[in-house]
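Sequence positions, counted from 1, serve as the residue numbers for this chain.
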Amino acid sequence: MSTKDIVKLREMTGAGMMDCKKALEEADGDISKAVDVLRKKGVLKATKKGERTTGEGLVHAYIHTNGKVGALVQMLCETDFVARNEEFKKLTHDIAMQVTAMYPSYLAPEDVPANVVKKEKEIYLEKLGDKPADVKEKIIEGKLAKFYSEVCLLKQPFFKDEDVTIEELIQQKIIKIGENIKVKKFERFSF
């Protein structure tokens, strides 16, 4: 393991030098495995930071080039310093573009009204017929996860990298920036 590998891993993940070194040691020098190690550890850090108060942030507007569709997004962070940070501004812009492109109706699954979830479950149950109850439950669980990934912003695949959800993208930025970050609300406008 060389310093060059540590620097490369740091550039890829935004993690600290010592964290990168430890992750590379744990992954026996394999950079892709080290990224996974950092992600697993980072999620824990992001979860801890998720409890901290977010009293600053910014509102960002994105209008598509045709002028027919756009979005307003309110993003929160802990300090005005981060609110002015280019990384935070870029994240906010990307999320506004996501809202414009992907039509989310809700922020998270817990924001979906119970009657909407109930109706979705009823539709799925009708289609399942005489399958055993435990099988039906697993199928419905999977279909609801798919439904949430279509209608909930945080569960949607990021339009620039479909292997990452918006929720995961925000966690990556929490790790990189070092502050709690949240989407407070959003609104999409179109003709």
Under the side-chain contact (heavy atoms from CB on, under 4.5 Å) rule, what do Phe147 and Val116 come out as? Steps first, then yes or no, please. CA-CA 11 Å; Phe147 171 72; Val116 173; 3.9 Å; yes
Stepwise side-chain hydrogen bond (donor to acceptor under 3.5 Å, both in side chains) test for Glu179 and Thr79: CA-CA 8 Å; Glu179 278 196 14; Thr79 63; 2.5 Å; yes
What do the steps show when you test Lys173 against Glu87 for side-chain contact (heavy atoms from CB on, under 4.5 Å), and what is the final call? CA-CA 8 Å; Lys173 297 305 178 185; Glu87 191 82 26; 2.6 Å; yes
May I have the step-by-step check of side-chain contact (heavy atoms from CB on, under 4.5 Å) for Lys33 and Asp28, ending in yes or no? CA-CA 9 Å; Lys33 287 182 183 176; Asp28 295 323; over 6 Å; no
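Side-chain contact check for His60 and Tyr62: no donor-acceptor pair (N or O, by modelled atom type) lies under 3.5 Å.
The 12-atom threshold is not exceeded at CZ of Phe81, counting heavy atoms of other residues, nucleotides or ligands nearer than 6.0 Å. Counting non-hydrogen atoms of neighbouring residues, nucleotides and ligands closer than 6.0 angstrom, the OH atom of Tyr124 exceeds 12 such neighbours. Shown here is Lys160, whose NZ atom has more than 12 heavy atoms of other residues, nucleotides or ligands within 6.0 Å. Atom NZ of Lys136 is surrounded by more than 12 heavy atoms from other residues, nucleotides or ligands within 6.0 Å.
Judged by the 6.0 Å distance and 45° axis criteria, Lys68 is positioned over the aromatic ring of Phe191.
Taking all atoms of both residues into account, the shortest heavy-atom contact from Phe186 to Ser105 is CZ-C, 4.3 Å. Closest heavy-atom contact between Ala83 and Gly57: CB-O, 3.6 Å. Cys152 approaches Pro109 most closely through the heavy-atom pair SG-N, 3.6 Å. The two residues Leu128 and Ile140 make their nearest non-hydrogen contact at CD1-CG1, 4.0 Å. The shortest non-hydrogen separation linking Ala71 to Ala96 is CB-O, 3.6 Å.
We find the CZ-CD distance between Phe158 and Gln172 to be 9.5 Å, quoted to the nearest 0.5 Å. For the atom pair CD of Glu78 and CD1 of Ile177, the computed distance is 10.5 Å after rounding to the nearest 0.5 Å. Leu58 CG to Arg84 CZ: the interatomic distance, rounded to the nearest 0.5 Å, is 11.0 Å. In this structure, the separation between CG on Asp5 and CD1 on Ile31 is 4.5 Å, given to the nearest 0.5 Å.
Scanning for salt bridge (charged side-chain N to carboxylate O under 4.0 Å, His left out) contacts around Lys146 gives Glu150, with sequence neighbours left out.
Salt bridge annotation for Lys89-Glu86: present, with a cationic side-chain nitrogen under 4.0 angstrom from a carboxylate oxygen. For Asp94 and Lys90, the salt-bridge test passes: some basic side-chain N is under 4.0 Å from an acidic carboxylate O.
With Gln156 contributing its side chain and Met102 its backbone, the two residues share a donor-acceptor pair below 3.5 Å. At least one donor-acceptor pair under 3.5 Å links the side chain of Asn85 to the backbone N or O of Phe88. The backbone N or O of Pro157 lies less than 3.5 Å from a partner atom in the side chain of Gln98, making a donor-acceptor pair. When atom types are taken as modelled, the side chain of Glu168 and the backbone of Thr165 share a donor-acceptor pair closer than 3.5 angstrom. Side-chain N or O atoms of Asp111 include one that pairs as donor or acceptor with a backbone N or O of Ala108 at under 3.5 Å.
Residues near Val69 contribute nothing to a hydrophobic cluster around it, because no ILVMFWY side-chain heavy atom sits closer than 4.5 Å to its side chain.
When the side chains of ILVMFWY residues are joined at heavy-atom separations under 4.5 Å, either directly or via intervening members, Leu91 and Phe159 end up in a single hydrophobic cluster. Tracing side-chain contacts under 4.5 Å through hydrophobic residues (I, L, V, M, F, W, Y), one never reaches Val117 starting from Leu107; they form parts of separate clusters.
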